[in-house]
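For reference, the structure is listed below as structure tokens.
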Amino acid sequence: MNELVQRLSEGEHPVEASLRPEKTATALKESIDRGYVHIKFTNTQGGTDLGVKLDPEASNFNDADFEHQKGKVHLVGNLTLNYVEVRCIADIDLVSLNGKGHLEPIEA
């Protein structure tokens with residue numbers, strides 16, 4: 001298995017919602033509504049920014065208050081990183097837009 005995928009699959013890692021042009025809860029909500037978010041693993045060399053196609057069944061937005069920028073979102077989705085299919089799981093706090101996350105390799 002790829003070394004980066006292996007490292008991000010072991011334990012929890014610091015992540016942030018990678019949003020442009022502005023880093024706000026509203027921008028995150030717009031990304032969620034499109035079904036595609038960018039999650040950045042910040043403890044890798046230079047950071048690892050991943051585009052994640054959300055799985056609406058596995059994700060959870062019940063604890064999120066986007067209007068008041070508080071609460072948390074549980075984001076789950078699949079992508080390919082360095083030729084390895086993985087599932088990205090991240091919990092993001094709407095106040096800071098930071099949180100914890102990890103990858104799970106998907107067996108072919």
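Note that these values count all heavy atoms, side chains included, but never hydrogens, waters or copies made by symmetry. Just so you know, residue 1 is the first one in the sequence shown, and it goes up from there.
Closest of all the heavy-atom pairs between K23 and A17 is CE-O, 3.5 Å. Contact detail for D49 and R20: the closest heavy-atom pair is OD2-NH1, 4.0 Å. P105 and V5 make their closest contact through CG-CG1, 4.4 Å (heavy atoms, listed as atom of the first residue, atom of the second, distance). Between C88 and F41, the shortest heavy-atom contact is SG-CE1, 4.1 Å.
The structure places CG of L97 at 14.0 Å from NZ of K40, a figure rounded to the nearest 0.5 Å. The CG atom of L8 sits 7.0 Å away from the CG atom of N43 when rounded to the nearest 0.5 Å. One distance of note links NZ of K100 with CD1 of I89; it measures 15.5 Å at 0.5 Å rounding. The line from CG of L75 to CD1 of I32 is 5.0 Å long, rounded to the nearest 0.5 Å. The CG atom of L81 sits 5.0 Å away from atom CG of L4, with the distance rounded to the nearest 0.5 Å. Taking CG of L94 as the start and NZ of K70 as the end, the distance is 11.0 Å to the nearest 0.5 Å.
Between L103 and L50 the shortest side-chain heavy-atom distance falls below 4.5 Å. For the pair L28 and V37, the minimum side-chain heavy-atom distance is below 4.5 Å.
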Item to complete: List the steps, then state whether ring-ring contact (aromatic ring centres under 6.0 Å, His included) holds for H68 with F66.
Response: CA-CA 6 Å; H68 297 101; F66 291 100; over 10 Å; no
Test side chain to side chain contact (heavy atoms under 4.5 Å, CB included) on E16 and N98; report intermediate values, then the result. CA-CA 4 Å; E16 67 182 24; N98 294 323; 3.1 Å; yes
Evaluation steps, side chain to side chain contact (heavy atoms under 4.5 Å, CB included), between I92 and V15: CA-CA 8 Å; I92 304 286; V15 296; 3.7 Å; yes
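Within 6.0 Å of the CD atom in E3, the count of heavy atoms belonging to other residues, nucleotides or ligands does not exceed 12.
Side-chain atoms of H13 come within 3.5 Å of backbone atoms of R7 as a donor-acceptor pair (strictly under, hydrogens ignored).
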Atom pairs and distances, side-chain donor-acceptor, residues 52-61, under 3.5 Å, sequence neighbours left out:
from	atom 1	to	atom 2	distance (Å)
D55	OD1	E57	N	3.0
D55	OD1	A58	N	3.4
D55	OD2	R87	NH2	3.1
S59	OG	D55	O	3.0
S59	OG	V76	N	3.0
S59	OG	V76	O	3.2
N60	OD1	N62	N	2.7
N60	OD1	N62	ND2	3.4

